Amino acid sequence: MSVTKEQAAVLALTRATAGPWHHTARVVEARGSALRPADGDFAGLGGHDRAHAAEVVARLRPGDLDRAEAVIASCPAALVTVLDDDYPGNLAYVHNLQPFLWVRRRADR
């Protein structure tokens with residue numbers, strides 16, 4: 001699956017999160033994918049994470065992934081998610097792990 005589709009799934013799941021985003025970030029990180037939980041694949045998640053993922057996925061609406069892809073395509077900043085190698089390592093250890101960051105980069109990168 002493409003990086004953009006995974007990133008769009010991170011945005012869509014985050015948008016569908018009613019509580020703190022860091023719970024969703026931990027679920028995505030634990031699964032190594034945002035598309036898997038978005039498709040209802042909660043394998044390997046503990047009880048609390050499985051329940052959280054199910055609640056978030058139940059709030060996804062048709063077209064959410066497509067809308068998230070459009071946001072990514074239209075934004076001049078780069079999107080970095082917890083799934084990306086560019087995600088800052090020092091942030092991976094904070095309690096309220098952010099599922100994504102918008103990063104302004106120089107045009108030559």
Side-chain angles (χ1 to χ4, degrees):
M1 197 53 57
S2 79
V3 170
T4 302
K5 290 204 178 296
E6 281 287 354
Q7 290 176 330
V10 171
L11 289 184
L13 289 172
T14 302
R15 184 177 188 274
T17 301
W21 289 359
H22 67 269
H23 295 296
T24 299
R26 296 287 179 204
V27 165
V28 168
E29 185 181 46
R31 284 299 293 129
S33 171
L35 287 169
R36 288 181 187 134
D39 287 337
D41 179 355
F42 309 136
L45 296 176
H48 181 266
D49 286 344
R50 181 180 294 265
H52 174 77
E55 290 172 16
V56 170
V57 169
R59 285 192 287 275
L60 282 176
R61 298 178 307 200
D64 279 353
L65 292 175
D66 292 335
R67 281 188 287 281
E69 279 190 85
V71 167
I72 293 167
S74 68
C75 187
L79 177 65
V80 179
T81 74
V82 294
L83 299 172
D84 298 321
D85 292 337
D86 291 351
Y87 193 86
N90 58 332
L91 293 181
Y93 297 101
V94 299
H95 168 72
N96 59 344
L97 178 69
Q98 297 303 296
F100 63 88
L101 306 167
W102 291 105
V103 181
R104 198 164 71 187
R105 295 191 175 157
R106 294 192 333 226
D108 64 338
R109 288 190 172 200

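Treat the numbers as computed from the prediction; the structure is a model and nothing was measured.
- A donor-acceptor pair is defined here as one N or O able to donate and one able to accept, closer than 3.5 Å; such a pair exists between the side chain of R67 and the backbone of P62.
- Between L79 and L11, some side-chain heavy-atom pair lies under the 4.5 Å cut-off.
- Of all heavy-atom pairs spanning L97 and L91, the tightest one is CD1-O, 3.4 Å.
- Side-chain contact between T17 and H52 is present, with at least one heavy-atom pair separated by less than 4.5 Å.
- Separation of atoms CZ (R26) and NE2 (H48) is listed at 13.0 Å; rounding is to 0.5 Å.
- Shown here for T4 and I72, the closest heavy-atom pair between the two residues is O-CD1, 4.1 Å.
- Between A12 and L65, the shortest heavy-atom contact is CB-CD2, 3.7 Å.
- Under the 4.5 Å side-chain criterion, counting only non-hydrogen atoms from C-beta, V57 is in contact with L13.
- For D66 (side chain) and G63 (main-chain N/O), no donor-acceptor pair under 3.5 Å exists by modelled atom type.
- R50 and F42 make their closest contact through NH2-O, 3.2 Å (heavy atoms, listed as atom of the first residue, atom of the second, distance).
- Within the 4.5 Å cutoff, the side chain of V94 has no heavy atoms near those of the H22 side chain.
- For CZ of R15, the number of neighbouring non-hydrogen atoms (other residues, nucleotides, ligands) closer than 6.0 Å is 12 at most.
- Here the shortest heavy-atom pairing between A30 and L45 reads CB-CD2, 3.8 Å.
- Between T24 and P99 the shortest side-chain heavy-atom distance does not fall below 4.5 Å.
- Looking at every heavy atom in both residues, R59 comes nearest to D64 through O-OD2, 4.4 Å.
- With salt bridges taken as basic N to acidic carboxylate O contacts below 4.0 Å, one links D41 and R31.
- Note: W102 and F100 have perpendicular aromatic rings, judged against thresholds of 30 and 60 degrees for the angle between ring planes.
- When atom types are taken as modelled, the side chain of E6 and the backbone of L35 share a donor-acceptor pair closer than 3.5 angstrom.
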